[in-house]
A.B. asks: 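Below you will find the structure I want to go over with you.
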2 protein chains.
Amino acid sequence: MAATIMIVEDEPAIQELISYNLRNTGYVVLCASSAEQAREMVNDVLPDLVLLDWMLPNMSGLEFAQKLRQGARTKAIPIIMLTARVDESDKVAGLEMGADDYITKPFSPRELVARIKAVLRRRLPEVSDEVVEVGGLKLDPTTHRVTVSDQESAAKSTEIVLGPTEFRLLHFLMTHTERVHTRSQLLDRVWGDHVFVEDRTVDVHIRRLRRALEDVGKDELVQTVRGAGYRFSTRCEVGAE
Amino acid sequence: MAATIMIVEDEPAIQELISYNLRNTGYVVLCASSAEQAREMVNDVLPDLVLLDWMLPNMSGLEFAQKLRQGARTKAIPIIMLTARVDESDKVAGLEMGADDYITKPFSPRELVARIKAVLRRRLPEVSDEVVEVGGLKLDPTTHRVTVSDQESAAKSTEIVLGPTEFRLLHFLMTHTERVHTRSQLLDRVWGDHVFVEDRTVDVHIRRLRRALEDVGKDELVQTVRGAGYRFSTRCEVGAE
DNA sequence: AGTATTTGTCACAAAATTGCAATGATACCT
DNA sequence: AGGTATCATTGCAATTTTGTGACAAATACT
């Protein structure tokens with residue numbers, strides 16, 4: 001539930017101010033005073049969102065943001081830029097580069113929190129680590145494992161092996177069942193906004209997910225809704241005879 | 001194929017963000033920072049679609065939209081409203097006034113592009129995702145399912161399978177019941193304005209819809225009004241008095 | 001560095017949907 | 001009753017949408 005937010009800001013006072021407010025709101029906060037430091041921290045802990053000061057000592061915020069967008073693990077992390085300047089070209093550069101939002105100093109803590117919430121809201125499945133169990137499938141985010149919860153198939157451990165993307169896809173579907181998701185929606189919520197990927201790529205990952213589920217006979221949970229998208233449903237998909 | 005899209009947005013950063021993404025997708029983009037400027041531009045170039053910020057400096061977005069709807073040349077241009085507010089009355093006002101869709105900030109670039117494509121492809125209202133329940137039928141846009149809500153045929157699976165067009169047709173009919181719609185009106189509202197399709201084709205889709213409803217004995221809800229069109233009504237049609 | 005996974009895209013196959021036209025049925029009018 | 005306009009029904013070809021395997025690039029692992 002508690003999202004982790006990384007602050008990259010060289011001015012200690014502002015860093016403290018933000019940090020205090022975010023912790024107060026219930027976020028886990030990581031602080032870095034330079035882009036270099038931030039880069040190291042990212043290797044250890046992946047934040048759910050980055051607050052990035054535009055003006056940094058050595059490496060500019062822009063540069064750091066680009067690095068984030070390049071790395072496979074980090075490319076989907078939302079970035080909110082903090083900028084003191086009202087320089088238009090900066091905003092433009094930042095947004096083109098893929099920042100999710102920007103906020104100009106001075107800002108009110110309330111506004112900052114509001115923007116953070118807004119950006120996180122349209123994000124990957126709520127950062128919950130709770131075990132999801134639907135339709136005879138059990139997915140555990142902490143252990144990163146998917147198993148069949150109906151026993152019948154076998155007394156053996158019936159673990160389903162998935163690639164990272166298929167795992168996130170299944171996680172999202174299992175936490176948003178019965179509802180039809182368009183390919184675009186899935187890309188936004190499972191891949192992330194700035195990741196530019198063909199719509200049809202979703203098909204392929206759905207296919208991979210289904211193939212994995214076939215082994216345990218659970219593949220009919222992932223259903224195609226023609227002209228609309230895909231759906232995870234425990235109800236039979238064919239009303240036929 | 002490159003459609004021209006006009007952005008009317010006073011905040012330069014957002015204007016840039018949108019503009020960048022749309023150009024990236026292959027659209028030709030025109031930018032205006034005010035309604036006045038937009039009006040002038042429209043005299044030179046007719047865009048295929050207008051992205052309109054709700055809050056503008058002098059003339060409001062609503063006002064500009066009305067102007068567009070008044071002009072003979074511009075009345076058919078689809079409008080997508082950009083709104084920071086989630087105020088219901090705004091949505092309603094905007095949609096009633098003739099906006100084709102609305103999108104609330106913050107939005108993801110992909111979602112925006114998806115909506116633009118959807119609107120350009122067929123000017124569908126698709127305003128509500130609310131479940132519609134009439135005459136013992138239940139249609140849920142989010143799960144994309146149609147079921148019978150009377151219990152009687154319980155043993156059977158009560159789901160009704162429809163193709164995309166029949167689904168949209170039924171959705172429209174169920175949200176506009178007890179009223180006769182001409183074939184042209186149905187084509188406009190269900191297929192979209194600029195689509196050229198024979199009037200008679202509606203008959204075929206009505207037939208397909210009826211056939212699907214026959215399975216659960218609900219086909220008499222879709223009634224023919226000779227010389228006028230079709231109607232969805234819960235009242236029995238044997239009007240022979 | 002080398003190897004194994006993972007990922008996105010493409011091309012083609014398969015399946016479903018769509019619109020039209022031709023034909024048959026029905027209601028309305030004189 | 002007959003004539004005519006309107007609607008119903010069906011088959012079919014064209015189009016659209018989705019499934020699937022292969023492949024190359026990118027990334028992670030040793």
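To find a chain, count down the sequence lines: A is the first, B the second, and so on, and within it residues start at 1.
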A.B. asks: Rounding to 10°, can you tell me the angle the first-five-pair axis of the helix from dA1(C)-dT30(D) to dT30(C)-dA1(D) makes with its last-five-pair axis?
C.D. replies: 40°
A.B. asks: Where does the chain A footprint on DNA chain C start and end, counting 5' to 3' with a 4.0 Å heavy-atom cut-off?
C.D. replies: dT6(C) to dT17(C)
A.B. asks: Can you measure D203(B) atom CG to dA8(D) atom C1' for me and round it to whole angstrom units?
C.D. replies: 8 Å
A.B. asks: Measuring to OP1 and OP2 of dT17(D), would you say a side-chain N or O of R183(A) lies under 4.0 angstrom away?
C.D. replies: no
A.B. asks: With a 4.0 Å cutoff (strictly under), does any side-chain N or O of T224(B) reach OP1 or OP2 of dT6(D)?
C.D. replies: no
A.B. asks: Taking any heavy-atom pair under 4.0 Å as a contact, classify V225(B): base, sugar-phosphate, or nothing.
C.D. replies: sugar-phosphate
A.B. asks: What I want to check is whether an N or O donor and acceptor connect the side chain of R200(A) with the base of dG19(D) at under 3.5 Å.
C.D. replies: yes
A.B. asks: Reckon Y230(B) touches a base, only the sugar-phosphate, or nothing at all at heavy-atom distances under 4.0 Å?
C.D. replies: sugar-phosphate
A.B. asks: Considering every strand and a 4.0 Å limit on heavy-atom distances, what is the contact class for T201(A): base, sugar-phosphate, or nothing?
C.D. replies: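 Answer is base: heavy atoms of T201(A) come under 4.0 Å of a base.
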A.B. asks: Quiz question: going by heavy-atom distance under 3.5 Å, is there a donor-acceptor pair between the base of dT9(D) and the side chain of R207(B)?
C.D. replies: no
A.B. asks: Less than 4.5 Å apart, any side-chain heavy atom of V45(B) and any of L30(B)?
C.D. replies: yes
A.B. asks: Once you round it to whole Å, what is the distance between C1' of dT17(D) and CZ of R168(B)?
C.D. replies: 13 Å
A.B. asks: Measure CD/E214(B) against P/dA8(D) and give the value in whole Å, please.
C.D. replies: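 Distance, rounded to whole Å: 12 Å.
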A.B. asks: Indicate, with a heavy-atom threshold strictly under 4.0 Å, whether R208(A) touches base, sugar-phosphate, or nothing.
C.D. replies: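 Base, at least one base atom sits under 4.0 Å.
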A.B. asks: Can you give me the closest heavy-atom contact between R210(A) and D219(A), atom names plus distance?
C.D. replies: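 It is O-CB, 3.6 Å.
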A.B. asks: Can you check the R211(A) CZ to dA22(D) P distance for me, whole Å?
C.D. replies: 9 Å
A.B. asks: Indicate, with a heavy-atom threshold strictly under 4.0 Å, whether R210(B) touches base, sugar-phosphate, or nothing.
C.D. replies: sugar-phosphate
